[in-house]
Every structure is written in structure tokens, then in C-alpha cells.
Amino acid sequence: MSDQTSKTDLKVQSLSQALKLIAAGDCTAEDLINAYYDQIEAREMEVGAWQFLLSREEYLQKYQQQKAFYQASVLKGLPIGIKDIIDTCCMPTEMGSPIHQGRQPVDNASCVNLLMQAGGIVLGKTVTTEFAYFKPGKTRNPKDLDRTPGGSSSGSAAAVADFMVPVAVGSQTAASVIRPAAYCGVVGYVGSRGEYSLRGAQPLAQSLDSLGLFARRVDDIELLRSILLLQPLKPSVKPDRPYRILVCQGSAVGESDSAMNLAMQQFSDRLQQEGAEMVEMHSCDLMRRLVEHHRNIMAWEVVRNLSYEAEHPEQVSAALLQLFEQGREMTRESYLESLEAVAKIGRWLWSNPDHLGIDAILAPAAPGVAPMGHEATGQPHMSRPWQVLGLPVVTLPGITDEQGLPLGLQLIGRAREDDQLLALSRWAEGCIV
């Protein structure tokens, strides 16, 4: 490590920044690995981001055994956190439930394999809520330990926010990436539905499940995306015209507090000052309908996906049992009606004459800052409309309330236009002051 880099706090570097330091010879992968473990040793007892963790000695031994491979790889042997609903053959995957305590998969999920093939090392399994639903795990919000980190990818968000790992993998069925990213103050990204393989990830609701990523900068997400798609990394390109952004106020979706409303207004004004054309969304009652359709679809699919777990009601939370009951009481006709209604609203969203040429939608990522307490994970309604539509979403950190607590905003793109959304998000990231 150079003298200049020794003065740099290595753990706070984004993944892309860390890789540049290694390439320049300013530090080694071992320097960075040790910095992350120092932070884990200092903070994990308070934050509780990890369900399973490699020891420092195990990690460094793994790195040394294949050092030549890691030095030549894209990710250089740097660590990744994996949500504990995603299978890992060398670590338990218990899905936040005593039903699966000690469960050891025989192989890795596809996303894990792809990241390992690119030179990433799984540092450990991050805490999830029960089956990626509502029952909280042990994780605390690193920005304020008395507050929830959100759910269900709570451990992944907290581990990245507290500088224990540069990036982590999560999943989203309702708001499981976007909300914890907003509460913990990191970049969260959910891919378009079907964009990434979900082989080896516990299914919750097949019409809603998506893979998600956490990082500290948008360019880290772009790098991980290229790895997961087995595609070369392409530089972001800003179009030769102003961005056109549709503004969906929090009140169009559900409850939104005054601090979030102010953040939305100020950031919208800022994007307009930087040259974007901001368009207000109308007919907003349709967003609230999407929230309800999401609930219906989720209930129908969850009780059928978790049929085995439903046989063990004594080991299942009251919230999940209630969802099971709702799903059982639904008719297939009502389920199909919700699917059709979602498709119809999706067509309206992009074909409305006022929305033509829209590059992205700006909306709150949560109703406000992370709520106090650890008995719940916060309300998911701000993400339900976009998740049921299968759209890609990015949460941008950097905006805070008067107490300095994170207020996350989200940018939503068109389905399968993730690259365009990430390019816009990278530009918008630079507009946050």
C-alpha cells in the first residue's frame, strides 16, 4: 500500500474505486479485504447484517489458493454479500426461517456462480426477513441503530451502507431492495422482470420476483450487471437531447410524509435546472390500484409457492399465515383479473399522450425516513406499482432530512431498458448535492 493510500479509508471506496486502486498499484486486494474485516469486527455486533460469515483466515486462505486467478479477474477477489434466500453450496441458506435451519444447498445459485467466475468471493450470507416477506431479522439500521433497515434484503443493504462489503445481492418481490436501500442510504437496483436468472433463489411470487443489487455508486451496478449478463461493460451514454422524466408524487401511491414530499420537489427542481424536462403524472388513482393488484397477485402466488412451509404453521409468523389465508380465499378468476388489470395499466402508462418520450419516472422510494423500532420493516407501497409492472428501478442515496437520515428517491425505467435507466441514474447521481 502506498503512503498516500494508507491515508485513505479503504473500506469506504466503491467497488469501481477499489478496483482502480488495485490497478494503479495503490493497494492490494488483501488490503481491502482486511479493511472490510476490520469494519465487521468493529460493527457487526451492533448492526447484525450477517447470518453466516467466513472468518478472515478462511477468506484470505481462499484468496491465496487461487491468487493468480483473482489477480487476473474482473473483481480481483473482492467480497460480495449474498442474501440468505439465495443458494450457496459452501454456506447454509436458511431463508430467515427455523423450518430451514441448517439447510445446505448442493450447488450455487446462477447469480452466485457468475459473480464467482468473475473473481468475486462470497464473504457471507446476509440477513433476510422470513422467506423474504415481512418478519424482521436481527439487522439494525447502521445510520441509526434504533431504526429499521427495511426488508427483506435488510442485511445486504446494511452491510453495504456500513462499509462491511462493497456490493451485495438481494431480491425484491414487493419493496425488498428499494426500501432498505432508501432507509440505509445506498444505491439499490432491481432489474426488469426476467432480466436475470433466478435459479437457486427461493421463489416467493413468480410474477413479481426480481434479482436486486446494492452498491455505493451506480457504476458499480453497471459492472455487476455486465457480469450477470455475460456481456461486456459498455460506458454510459447520455442522449443528445434533454432527459424527459415523469414525476409521480408519493400521494399518488399512498402515504408520504412532508420530508419526503420536500425531497421530491427539491430534487425535481434540481434535475430541471440541469436540463431535464419534468412532466407531472395525472390519473394517479391508477397507481393505487396497482398497489392493490400487487397485493392480490402476491397472496395468490405465495401460498402456492410456500405450500411446504404452510404445513408448519407453528414455525411461521402471523403475518405470513395471514397472507396464506388471503391467498387461499382468493379465486383464480380474481387472480387473473388482477394480472389483466396490471397489463392494461402498464399499456396506459407508456401510451398516454402526455407520457410519450418519457425516459424514466421519478418517485419516492419509501414514505419517509426509516421508522423507529425493529418490530416491522416499514411500508412497501411505494414500490408495489413498479414491481407489479416488472420495471427496472434504481434508488439514489445522498438526500437526507434535517437530522441527516437518508431519504431515498427512485427512478423507474421501461421494461428491458435497464441500461438506459442506469445511464440516466448515473447522470442524476451527479445532480445530488
Side-chain angles (χ1 to χ4, degrees), residues 1-40 54 56-82 111-124 156 159-169 186-189 196 213-238 394 396-398 418-419 422-423 425-430 432:
M1 188 187 303
S2 69
D3 291 340
Q4 181 177 358
T5 306
S6 65
K7 299 176 183 178
T8 300
D9 193 349
L10 291 178
K11 69 177 184 291
V12 307
Q13 305 301 307
S14 71
L15 175 62
S16 298
Q17 291 169 333
L19 293 172
K20 288 176 182 177
L21 288 174
I22 294 172
D26 290 331
C27 73
T28 66
E30 292 100 320
D31 293 330
L32 287 153
I33 292 162
N34 281 311
Y36 300 131
Y37 271 103
D38 288 346
Q39 179 69 359
I40 289 168
L54 282 182
R56 188 192 301 248
E57 293 71 25
E58 290 171 323
Y59 193 109
L60 290 172
Q61 182 180 37
K62 185 183 288 284
Y63 176 83
Q64 291 294 337
Q65 286 173 344
Q66 299 186 68
K67 188 171 182 176
F69 161 72
Y70 290 122
Q71 288 180 328
S73 71
V74 175
L75 296 177
K76 306 300 181 187
L78 295 182
I80 297 169
I82 303 293
C111 62
V112 174
N113 262 341
L114 290 166
L115 293 168
M116 291 173 63
Q117 289 166 7
I121 296 178
V122 178
L123 189 150
S156 290
V160 173
D162 208 46
F163 311 114
M164 298 177 183
V165 70
V167 292
V169 179
V186 295
V187 176
Y189 159 68
Y196 303 107
L213 302 170
F214 296 90
R216 287 194 276 279
R217 289 189 2 178
V218 176
D219 56 359
D220 293 350
I221 301 293
E222 292 175 311
L223 174 59
L224 296 182
R225 171 172 164 76
S226 71
I227 291 169
L228 292 171
L229 293 179
L230 293 174
Q231 295 291 298
L233 177 62
K234 298 178 181 178
S236 299
V237 178
K238 189 177 183 295
V394 174
L396 294 177
D418 298 46
D419 290 328
L422 287 166
S425 299
R426 195 170 179 182
W427 169 79
E429 181 182 48
I432 296 175

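- Interatomic distance, R225 CZ to Q231 CD, rounded to the nearest 0.5 Å: 9.0 Å.
- Here the closest heavy-atom approach between residue V74 and residue L19 is recorded as O-CD2, 3.6 Å.
- Put simply, the side chain of D220 gets close to the backbone of L15: a donor and an acceptor are under 3.5 Å apart.
- By the 6.0 Å contact criterion, NZ on K20 is open, its count of non-hydrogen atoms from other residues, nucleotides or ligands being 12 or less.
- With contacts defined as side-chain heavy-atom distances shorter than 4.5 Å, the pair Q61/E57 does not qualify.
- Separating the OG1 atom in T28 from the CD1 atom in I22 is a distance of 7.5 Å, to the nearest 0.5 Å.
- The heavy-atom pair separating F163 from Y36 by the smallest distance is O-CD2, 3.7 Å.
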- request: I would like to know whether D419 and K234 meet side-chain contact (heavy atoms from CB on, under 4.5 Å); could you show each step before the answer?
  value: CA-CA 9 Å; D419 290 328; K234 298 178 181 178; 5.9 Å; no

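- When all heavy atoms of L228 and L114 are compared, the pair lying nearest together is O-CD1, 3.4 Å.
- Here the straight-line distance linking atom CD of Q13 with atom CG of L78 works out to 11.5 Å at 0.5 Å rounding.
- In this structure, E429 contributes its side chain and R217 its backbone to no donor-acceptor pair below 3.5 Å.
- Side-chain contact between I221 and V394 is absent, with no heavy atoms from C-beta onward closer than 4.5 Å.
- Q117 approaches F69 most closely through the heavy-atom pair O-CZ, 3.6 Å.
- Here the straight-line distance linking atom OG of S73 with atom CD1 of I227 works out to 8.5 Å at 0.5 Å rounding.
- Ring geometry for Y70 against Y63 counts as parallel: the plane angle stays under 30°, on a 0 to 90° scale with 60° as the upper cut.
- Closest approach of L422 and V218 over heavy atoms only: O-CG1, 3.6 Å.
- Side-chain atoms of S156 come within 3.5 Å of backbone N or O of V169 as a donor-acceptor pair.
- Between D162 and K11 there is no salt bridge, since none of the side-chain N atoms of the basic residue sits less than 4.0 Å from a carboxylate O of the acidic one.
- The shortest side-chain heavy-atom distance between Y189 and D418 falls under the 4.5 Å cut-off.
- In this structure, CD1 in I33 is found 12.0 Å from CG in D38, a value given to the nearest 0.5 Å.
- Counting heavy atoms from C-beta on, the side chains of L21 and D31 never come closer than 4.5 Å.
- A distance-only check finds a donor-acceptor pair linking the side chain of R216 to the backbone of V160 [under 3.5 Å].
- Note that CG of L54 is 5.0 Å distant from OH of Y37, once rounded to the nearest 0.5 Å.
- Closest heavy-atom contact between P79 and L123: CB-CD1, 3.4 Å.
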